[in-house]
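Below is one structure; the comments refer to it alone.
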Amino acid sequence: MTESVDVLIIAPDLPGYAHPGDAGADLVSAEHIVLEPGERALIGTGVSIALPDGHAAFVVPRSGLAAKHGITVVNSPGTVDAGYRGEIKVTLLNTDRHTSFTVEPGDRIAQLIVMPVSRANFIPVERLPGSARGAGGFGSTGVGSLATTPAATDPTISTDGAAQTGTLA
Ligand SMILES: O=c1ccn([C@H]2C[C@H](O)[C@@H](COP(=O)(O)OP(=O)(O)OP(=O)(O)O)O2)c(=O)[nH]1
Ligand SMILES: [Mg+2]
């Protein structure tokens with residue numbers, strides 16, 4: 001954890017970090033809502049913020065709700081832009097196939113992570129510089145256990161020809 005930043009906020013209750021060093025501050029629901037199995041809803045938090053320039057906040061699921069109830073955030077991580085002054089809302093989804101999930105006002109439904117972000121200057125080029133990974137992705141190093149992955153056990157084995165040339169047309 002690096003330095004803290006000042007975030008201006010309008011909220012009935014301030015989002016809270018449960019422990020020192022936590023990255024996520026819990027967001028609570030401002031609404032009562034019942035999510036049927038497979039149902040999603042856009043839920044208000046009553047929170048509006050002004051982030052410092054060069055920062056964004058990300059709305060991410062709580063692992064406890066995910067593991068115990070199958071509750072997640074549809075667009076995770078939801079991106080809150082520094083210039084956004086509206087209410088932060090959470091697109092909660094009940095992935096459980098059998099059990100509904102009830103949200104009450106004050107329930108902690110997601111968490112907010114404030115991060116520095118870079119703005120990119122997108123520079124058009126004909127070729128990209130080479131890299132060890134090259135164009136390998138989407139399981140190119142094997143799926144699952146590292147022990148059964150040739151590329152992980154023998155670094156001299158390349159799993160993708162593009163990684164040798166290191167260029168993309
Ligand atoms: O989980 C989220 C995601 C976004 N927002 C707010 C803050 C963000 O700055 C704004 C726009 O989000 P995004 O850019 O992801 O949505 P969009 O569909 O591209 O909408 P827009 O056209 O307004 O940019 O909505 C939330 O409150 N919760
Ligand atoms: Mg947008």
Side-chain angles (χ1 to χ4, degrees), residues 1-129 131 133 135-140 143 168-169:
M1 202 71 51
T2 54
E3 90 287 5
S4 58
V5 293
D6 293 338
V7 175
L8 305 180
I9 185 165
I10 297 173
D13 297 299
L14 297 184
Y17 293 100
H19 301 289
D22 281 2
D26 288 327
L27 288 168
V28 303
S29 174
E31 305 177 30
H32 164 91
I33 199 154
V34 177
L35 293 173
E36 299 299 335
E39 193 180 5
R40 69 176 183 271
L42 190 59
I43 303 178
T45 63
V47 171
S48 303
I49 61 175
L51 292 159
D53 281 349
H55 289 74
F58 299 97
V59 178
V60 300
R62 297 187 64 211
S63 59
L65 293 183
K68 292 178 191 160
H69 303 288
I71 298 299
T72 190
V73 173
V74 177
N75 59 324
S76 182
T79 305
V80 179
D81 301 289
Y84 181 69
R85 298 289 181 268
E87 179 185 19
I88 295 175
K89 297 189 177 186
V90 179
T91 54
L92 219 58
L93 167 67
N94 180 5
T95 68
D96 196 281
R97 295 167 64 182
H98 307 290
T99 310
S100 64
F101 184 78
T102 300
V103 174
E104 302 290 359
D107 285 355
R108 296 178 293 157
I109 54 173
Q111 49 189 334
L112 194 69
I113 300 178
V114 175
M115 293 182 67
V117 292
S118 298
R119 287 267 296 187
N121 298 314
F122 293 103
I123 302 165
V125 293
E126 293 296 321
R127 298 172 74 81
L128 297 175
S131 72
R133 172 172 284 273
F138 308 97
S140 66
V143 177
L168 291 174

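All values below come from the heavy atoms of this structure, side chains included, with hydrogens, waters and symmetry mates left out. In listed order, ligands and their atoms are each counted from 1. Since the model is a prediction, treat every value here as computed from it, not as a measurement.
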Return the residue, atom name and 0.1 Å-rounded distance of the protein heavy atom closest to atom 8 (C) of ligand 1.
T79 O, 3.1 Å
Against heavy atoms of V80, which atoms of ligand 1 measure under 4.0 Å?
7 (C), 8 (C), 9 (O)
Which atoms from ligand 1 have a heavy atom of I88 less than 4.0 Å away?
27 (O)
Among all the protein's heavy atoms, is there at least one whose distance to atom 20 (O) of ligand 1 comes out below 4.0 Å?
no
Which residue and heavy atom of the protein sit nearest atom 11 (C) of ligand 1, plus the separation
D81 OD2, 4.0 Å
Among T72, V74, V73, the one residue meeting side chain to side chain contact (heavy atoms under 4.5 Å, CB included) with R40
V74
State, without any angle test, whether S29 and D107 hold a side-chain donor-acceptor pair at a distance under 3.5 Å.
no
Among all protein heavy atoms, pick the one closest to atom 28 (N) of ligand 1 and tell me residue, atom and distance.
K89 O, 2.7 Å
Contacts of type salt bridge (charged side-chain N to carboxylate O under 4.0 Å, His left out), residue D26, not counting sequence neighbours
R62, R108
Among L42, I33, I43, find the one that has a side chain to side chain contact (heavy atoms under 4.5 Å, CB included) with L92.
I43
Just wondering, are more than 12 heavy atoms of other shown residues or ligands nearer than 6.0 Å to CZ in R97?
no
Considering only heavy atoms, does N75 approach ligand 1 within less than 4.0 Å through its side chain, its backbone, both, or neither?
side chain
List in chain and number order the residues that pass ring-ring contact (aromatic ring centres under 6.0 Å, His included) with F58, two or more places apart in sequence or in another chain; answer none if no residue qualifies.
none
Atom 23 (O) of ligand 1: any protein heavy atom closer than 4.0 Å
no
Taking all non-hydrogen atoms of both residues into account, name the closest pair between V60 and S76 and its distance.
CA-OG, 3.9 Å
Determine whether any heavy atom of T91 lies closer than 4.0 Å to an atom of ligand 1.
no
Please check if a non-hydrogen protein atom sits closer than 4.0 Å to atom 16 (O) of ligand 1.
no
In ligand 1, which numbered atoms sit nearer than 4.0 Å to a non-hydrogen atom of E87?
27 (O)
Has I10 got more than 12 heavy atoms of other residues, nucleotides or ligands less than 6.0 Å from its CD1?
no
